[in-house]
Amino acid sequence: MPELPGRDSPNAGEARETDAERRRRRARFLRELAEARELRDRVQPRRARTARLRHAMRMRTFRW
């Protein structure tokens, strides 16, 4: 298994990113993911419709 940077290394303090940087990176990733989904929905409307129906069925049968 490959070693993760910043873990158990002598430069762990320098390699660690701040929480704000991590949140910014995560927010950018989620924005890009949503944009990619919108693009896919525009390009493949039939698949998007079936995915919406499938999600609605899952939510109707989900027990809170």
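Sequence positions, counted from 1, serve as the residue numbers for this chain.
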Q: If you count heavy atoms of other groups shown closer than 6.0 angstrom to CD of Glu21, is the number above 12?
A: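 Check passes, neighbour count above 12.
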Q: Side-chain atoms of residues 42-50: list all donor-acceptor pairs with protein atoms under 3.5 Å, sequence neighbours left out, distances to 0.1 Å.
A:
residue, atom, partner, partner atom, Å
Gln44, OE1, Arg47, NH1, 3.3
Thr50, OG1, Arg46, O, 3.4
Thr50, OG1, Arg47, O, 2.8

Q: Which residues pass the side chain to side chain donor-acceptor pair (under 3.5 Å) test with Arg58, sequence neighbours left out?
A: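 Only His55 meet the side chain to side chain donor-acceptor pair (under 3.5 Å) criterion with Arg58.
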Q: With the side chain counted from C-beta on, respond yes when Met57 and Arg60 share a heavy-atom pair under 4.5 Å apart, and no when they do not.
A: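 Yes; the side chains approach each other to less than 4.5 Å.
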Q: Can you list every pair that meets salt bridge (charged side-chain N to carboxylate O under 4.0 Å, His left out) and has a residue in residues 22-31, with sequence neighbours left out?
A: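 Residue pairs with at least one partner in residues 22-31: Glu17-Arg25.
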